[in-house]
Amino acid sequence: MIDVISILLLLLTVTFATGRNLLSKNISGFTFGNKSFFLIQVYIFISGGIILAVFTKFEAVATLTIVYAFSYALFLILAQWFYTIALGFGKISICSTIYSMGFILPTLSGTIFWNEKFTLFDLLGVGCVVIAIIVSGVNKTITNNVQNKNKYFVPILIAMLSSGGLGIIQKLQQKSPCNEQKGMFVMIAFFISGIISFLFYMFAKEGTQKTYKKDNFTAGGVGICFGCCNIINTTLAGKLDSALFFPLQNISVILLSIVLSRLILKERLGKKELFVLLFGAIAIVLLNI
């Protein structure tokens with residue numbers, strides 16, 4: 001049974017995650033490897049770290065918390081960098097759906113490490129996730145631009161696996177003796193990610209693209225949404241079973257992102273997007289039976 005506080009936290013994290021999806025689309029045009037790309041990532045992680053610092057109780061940090069923070073930072077970088085890349089080539093609808101399918105990793109980890117239930121329905125649900133991922137990478141239309149149409153697939157697959165890694169580290173941190181340091185854990189991870197992004201920025205090639213104030217503000221908005229999502233998700237990962245929390249949160253984000261991308265960005269759903277969404281929805285239902 002979900003308590004009222006958990007419901008409110010779920011509503012908040014879904015809102016912030018959807019905001020991150022929509023705002024990320026607006027800064028997805030920067031080429032990976034150039035200074036402009038990494039500068040945007042610096043703004044994302046540092047703004048996320050700052051907003052987390054506002055709500056974090058500062059205290060002596062346990063060694064285990066720092067270890068988890070470094071591990072979490074690695075997945076944060078992979079998830080955000082490659083999600084940004086994928087959005088430069090794909091629609092929010094399909095990218096957010098595949099990205100959210102990463103919940104199967106923490107769901108499976110809950111079964112393997114913490115004896116959380118895993119039934120035949122869960123197995124079928126995982127199968128539907130696999131089908132959705134495969135279909136998302138299929139393109140039967142052969143045109144001169146076919147290569148560009150599928151350029152989102154590898155980045156979004158990496159981002160999806162990394163998002164699953166985030167869920168596993170969240171669960172591990174909340175099961176550890178230093179679970180009360182979740183604020184410090186996530187904040188440190190964001191600042192580490194920002195520092196690493198800055199180092200890449202320093203050594204990256206200049207490129208022709210420039211960032212403007214609106215891009216920096218948008219990146220800051222992404223960071224605030226991403227930071228809030230992470231601290232809320234870490235809290236909920238410790239309160240709810242993996243097989244309940246991760247599917248419920250992610251399917252809500254998928255649906256809200258699709259609706260708002262249609263209303264705001266005028267994105268249309270093609271047959272492939274509908275098919276991926278259908279199997280994603282079926283997977284969510286099966287994993288919650």
Side-chain angles (χ1 to χ4, degrees), residues 2-3 5-18 20-21 44-45 48-49 51-53 55-57 61-83 99-116 118 158-194 223-253 284 287:
I2 306 179
D3 57 85
I5 297 298
S6 295
I7 292 174
L8 291 175
L9 290 175
L10 274 169
L11 290 174
L12 280 174
T13 189
V14 167
T15 301
F16 283 124
T18 304
R20 177 210 172 195
N21 288 339
I44 290 173
F45 289 121
I51 195 66
L52 287 167
F55 297 102
T56 296
K57 178 183 177 182
V61 185
T63 302
L64 187 57
T65 296
I66 296 175
V67 171
Y68 281 138
F70 271 95
S71 302
Y72 200 71
L74 174 62
F75 286 117
L76 277 175
I77 288 171
L78 291 174
Q80 183 58 43
W81 285 10
F82 284 94
Y83 188 57
Y99 181 85
S100 295
M101 291 297 100
F103 77 83
I104 64 170
L105 296 183
T107 297
L108 292 174
S109 74
T111 300
I112 296 171
F113 298 110
W114 297 289
N115 297 318
E116 295 177 359
F118 192 81
I158 295 173
M160 182 206 79
L161 294 173
S162 301
S163 74
L166 290 173
I168 292 175
I169 301 298
Q170 288 168 354
K171 199 75 175 179
L172 286 170
Q173 195 277 334
Q174 281 296 282
K175 295 289 185 178
S176 73
C178 53
N179 60 348
E180 292 300 319
Q181 294 190 340
K182 57 180 176 289
M184 295 290 289
F185 151 68
V186 179
M187 182 192 69
I188 292 170
F190 264 77
F191 281 123
I192 291 172
S193 301
I224 291 171
C225 289
F226 200 24
C228 290
C229 280
N230 275 269
I231 188 61
I232 295 173
N233 289 350
T234 302
T235 301
L236 288 172
K239 291 172 65 69
L240 304 175
D241 281 353
S242 298
L244 172 63
F245 164 57
F246 291 104
L248 184 60
Q249 190 262 356
N250 282 292
I251 191 61
S252 300
V253 172
I284 300 298
L287 284 163

message: With a 3.5 Å distance limit and no angle check, can you tell me whether N179 reaches the backbone of K175 through a side-chain donor-acceptor pair?
response: no

query: When rounded to the nearest 0.5 angstrom, what is the spacing between CD in Q173 and OH in Y68?
result: 7.5 Å

field: Shortest non-hydrogen contact from L105 toward G165
entry: CD1-N, 4.3 Å

- request: Quick one: pull up CD in Q170 and OG1 in T235 and give me the separation to the nearest 0.5 Å.
  value: 9.0 Å

Residue pair I231, F55: steps toward the side chain to side chain contact (heavy atoms under 4.5 Å, CB included) verdict: CA-CA 10 Å; I231 188 61; F55 297 102; over 6 Å; no

statement: For Q80 and R20 the tightest heavy-atom approach is OE1-NH2, 2.7 Å

message: Can you list everything that forms a ring pair (Phe, Tyr, Trp, His ring centres under 6.0 Å) with Y72? Sequence neighbours excluded, please.
response: F185

statement: CD1 of I192 to OG of S71, rounded to nearest 0.5 Å, is 9.0 Å

- line: Tightest non-hydrogen contact, residues L52 and G227, listed as CD2-O, 3.4 Å

- prompt: What's the spacing between Q174 CD and I169 CD1 if we round to 0.5 Å?
  reply: 12.5 Å

message: For a 4.5 angstrom cut-off between non-hydrogen side-chain atoms, does F70 reach L74?
response: no

- prompt: Closest heavy-atom contact between C178 and T65?
  reply: SG-OG1, 3.3 Å

- line: Closest heavy-atom pair, A69 versus I188, reported as atoms and distance to 0.1 Å, is CB-CG2, 3.7 Å

task: Using the side chain to side chain contact (heavy atoms under 4.5 Å, CB included) rule, pick out the option among M187, E180, K182 that qualifies with M184.
output: M187

- request: Taking all non-hydrogen atoms of both residues into account, name the closest pair between L166 and A79 and its distance.
  value: CD1-CB, 4.1 Å

- request: Step by step, work out the side chain to side chain contact (heavy atoms under 4.5 Å, CB included) result for I51 and F190.
  value: CA-CA 10 Å; I51 195 66; F190 264 77; over 6 Å; no

- prompt: Is a side-chain donor-acceptor pair under 3.5 Å present for N21 with Y83?
  reply: yes

- request: Take L236 and Q249, measure what side chain to side chain contact (heavy atoms under 4.5 Å, CB included) needs, and give me the verdict at the end.
  value: CA-CA 10 Å; L236 288 172; Q249 190 262 356; 5.9 Å; no

message: Working to the nearest 0.5 angstrom, can you tell me the gap between I77 CD1 and S162 OG?
response: 10.5 Å

- prompt: Would you say T13's side chain and L10's backbone share a donor-acceptor pair under 3.5 angstrom?
  reply: no

S193 side chain vs A189 backbone, donor-acceptor pair below 3.5 Å: yes

Atom pair OG1 (T15) and CD1 (I232), whose distance is rounded to the nearest 0.5 Å: 8.5 Å

- prompt: Does S252 reach the main-chain N or O of V14 with its side chain, forming a donor-acceptor pair under 3.5 Å?
  reply: no

Worked check of side chain to side chain contact (heavy atoms under 4.5 Å, CB included) between L76 and N230: CA-CA 10 Å; L76 277 175; N230 275 269; 3.8 Å; yes

- prompt: So, for F16 and F226, is the gap between ring centers shorter than 6.0 Å?
  reply: no

